[in-house]
Amino acid sequence: MRAVQVAEFGGPEVLTVREVPEPVAGPGEVVVDVAAADVMFLDARLRGGWGGDYFQLATPYVPGGAVAGVVSAVGDGVDEYWIGKRVTTATAASKIGGGQPIGGYAEKALASAATLTVVPDGLSLAQAVALAHDGQTALAVFDKAAIQPGEWVLITAAGGGLGTLLIQLARGAGAHVIAAARGSAKLALAERLGADVVVDYAEAGWSDKAKAATGGAGANVVLDGAGGALGEAAFDAIADNGRFLGYGMAAGEFAAIDSASAAARGITVTGLLDVTDAETDWPRLAERSLAEAAAGRLEVVIGQTFPLDEAEKAHAAIESRTAVGRTLLTLDSAV
């Protein structure tokens with residue numbers, strides 16, 4: 001089968017399509033014929049050699065953490081009910097000759113049966129995989145934020161897949177939304193999805209503009225998907241007794257929030273590990289996100305798709321910050 005390999009750590013050009021053996025389902029596993037694969041900012045960072053302290057990756061390997069497609073084979077202990085089902089799932093890195101792991105950038109991928117979610121009728125496989133990570137994470141963040149009607153909510157990285165979902169969820173809760181993103185295309189998208197105010201954080205003083213939009217009191221809630229200096233600037237726009245949820249690192253690292261300053265102002269700071277605690281019911285959140293999209297209550301924004309042999313362009317789009325919404329690799333024209 002065809003798969004994209006990271007031949008060596010480096011720039012997008014190291015992504016190469018090669019023929020590799022097909023994965024075989026082991027106990028508790030299934031093989032998915034991939035129709036679409038999610039492309040994440042994390043994929044690009046790992047390809048560049050980042051994260052060696054957290055991820056055990058050796059080249060060559062096939063990247064990709066989530067896919068949507070049709071189950072074509074099951075391993076021991078897995079109900080044959082799954083064969084032929086349209087599913088979305090995290091990948092379970094299989095091994096081919098030489099020990100290279102296979103992720104989702106491939107014609108077939110391995111997954112644990114425990115992570116499968118059936119894609120409801122009326123939802124495409126591309127929409128489903130675009131929600132594989134962002135859908136459940138957006139709902140986990142939204143539930144933890146406990147947004148109330150009339151509150152001001154500042155969302156950073158608002159033009160990405162996760163940010164676009166959070167805009168809709170916050171608006172649905174009756175909040176006033178300030179969307180912060182970089183560039184006119186992302187700001188226009190945020191406005192279309194319901195943001196009351198948009199600010200471009202490529203411009204100096206953007207957090208002051210965000211705070212001014214609230215009448216000077218500051219946002220009641222900050223949902224920070226950007227991290228780094230951008231997240232720290234967003235913290236300056238939060239109201240006393242507000243809530244700051246930092247779950248992203250699109251800027252390269254999580255925001256470093258001064259705990260003493262937060263405590264002095266009565267601000268509750270929630271990090272990614274607090275959002276994704278042991279009590280989080282990920283399968284239920286995955287089903288809920290797909291159901292919301294299938295019912296038309298959540299728009300899934302897929303900004304750009306690329307065929308398997310253009311994975312290099314997908315990574316380049318993400319790293320250039322020009323990608324809007326989700327970025328996907330598609331292997332089936334019917335998705």
Item to check | Set of residues satisfying side chain to side chain contact (heavy atoms under 4.5 Å, CB included) with respect to D281, sequence neighbours excluded | outcome: P283, R284
Next on the checklist: Check whether Q5 reaches the backbone of Y61 with its side chain - one donor and one acceptor, N or O, closer than 3.5 Å.
Outcome noted: no
Item to check | V70 side chain reached by V32 side chain, heavy atoms, under 4.5 Å | outcome: no
Next on the checklist: So F254 and D224, do their side chains get closer than 4.5 Å, heavy atoms only?
Outcome noted: no
Next on the checklist: Under the side chain to side chain contact (heavy atoms under 4.5 Å, CB included) test against I167, which residue among V153, L193, L189, D196 passes?
Outcome noted: L193
Item to check | Heavy-atom donor-acceptor pair, E107 side chain to L331 backbone, under 3.5 Å | outcome: no
Checklist entry - Can you name the residues that form a side chain to side chain contact (heavy atoms under 4.5 Å, CB included) with T327, not counting sequence neighbours? => result V39, Q304, F306, A314, I318, A323
Checklist entry - Can you tell me if CD on E13 sees more than 12 non-hydrogen neighbours from other groups inside 6.0 Å? => result yes
Checklist entry - Looking at side-chain heavy atoms only, is the closest gap between T91 and L110 below 4.5 Å? => result no
Next on the checklist: Tell me if a side-chain donor or acceptor on E253 pairs with a main-chain N or O of M249 at a distance below 3.5 Å.
Outcome noted: no
Checklist entry - Quick check: are there more than 12 heavy atoms from other residues, nucleotides or ligands sitting under 6.0 Å from CG of D79? => result yes
Next on the checklist: Looking at A145, is its backbone amide N or carbonyl O close enough to the side chain of T270 to form a donor-acceptor pair, meaning the two atoms are under 3.5 Å apart?
Outcome noted: no
Checklist entry - Is there a donor-acceptor pair under 3.5 Å between the side chain of Q136 and the backbone N or O of L285? => result no
Checklist entry - Do the side chains of D143 and R288 get nearer than 4.5 Å, heavy atoms only? => result yes
Checklist entry - Distance from D33 atom CG to S72 atom OG, nearest 0.5 Å? => result 3.5 Å
Item to check | Side-chain touch R18/R2, heavy atoms, less than 4.5 angstrom | outcome: no
Checklist entry - Does V198 share a hydrophobic cluster with V324, counting links as ILVMFWY side-chain heavy atoms below 4.5 Å and allowing steps through other members? => result no
Checklist entry - Passes side chain to side chain contact (heavy atoms under 4.5 Å, CB included), R326 versus M40? Steps please. => result CA-CA 8 Å; R326 288 311 303 168; M40 299 180 67; 3.5 Å; yes
Checklist entry - Is there a path of hydrophobic side-chain contacts, each under 4.5 Å between heavy atoms of I, L, V, M, F, W or Y residues, that connects L328 with V87? => result yes
Next on the checklist: Donor-acceptor pair, distance only, cut-off 3.5 Å: does the side chain of R47 make one with the backbone of G11?
Outcome noted: yes
Next on the checklist: Given 3.5 Å as the limit, does a donor-acceptor pair link the side chain of E310 with the main chain of P307, or not?
Outcome noted: no
Checklist entry - Quick one: do K144 and D274 make a salt bridge, cutoff under 4.0 Å? => result no
Checklist entry - Do F9 and V14 come within less than 4.5 Å of each other through their side chains, counting heavy atoms only? => result no
Next on the checklist: Between K211 and D236, is the salt bridge (Lys or Arg N to Asp or Glu O under 4.0 Å) condition met? List the steps.
Outcome noted: CA-CA 8 Å; K211 187 172 184 178; D236 293 337; over 6 Å; no
Next on the checklist: Run the side chain to side chain contact (heavy atoms under 4.5 Å, CB included) test on D38 and D43 for me, step by step, so that the C-alpha distance in whole Å, both residues' side-chain angles and the decisive distance to 0.1 Å come before the verdict.
Outcome noted: CA-CA 9 Å; D38 191 22; D43 296 344; over 6 Å; no
Checklist outcome for this item: Joining Ile, Leu, Val, Met, Phe, Trp and Tyr whenever any side-chain heavy atoms lie under 4.5 Å apart, the cluster holding Y201 also takes in W152, L154, I178, V197, V199, W206, V222, L230, F235, I238, F244, I257, I267, V269
Item to check | Test item: E151 and R243 side chains (from C-beta on) under 4.5 Å apart, heavy atoms | outcome: yes
Item to check | T88 side chain to T117 side chain, donor-acceptor N/O pair below 3.5 angstrom | outcome: no
Checklist entry - Between the main-chain N or O of D134 and the side-chain N or O of T137, is there a donor-acceptor pair closer than 3.5 Å? => result no
Item to check | Residues V34, Y105; criterion side chain to side chain contact (heavy atoms under 4.5 Å, CB included); working and verdict | outcome: CA-CA 8 Å; V34 179; Y105 294 13; over 6 Å; no
Next on the checklist: Test of understanding: clusters of I, L, V, M, F, W, Y form through side-chain heavy atoms closer than 4.5 Å, transitively. Do L245 and L273 belong to the same one?
Outcome noted: no
Checklist entry - Honestly curious: do V301 and L329 fall in one hydrophobic cluster under the side-chain, below-4.5 Å linking rule? => result yes
Checklist entry - Side chains of F142 and L223: does their closest heavy-atom pair fall under 4.5 Å? => result no
Checklist entry - Given the rule in the side chain to side chain contact (heavy atoms under 4.5 Å, CB included) test, do V67 and T89 qualify, once you have shown the distances and angles that lead to the verdict? => result CA-CA 6 Å; V67 298; T89 179; 3.9 Å; yes
Next on the checklist: Walk me through whether D200 and K209 qualify under salt bridge (Lys or Arg N to Asp or Glu O under 4.0 Å).
Outcome noted: CA-CA 10 Å; D200 191 332; K209 294 177 184 178; over 6 Å; no
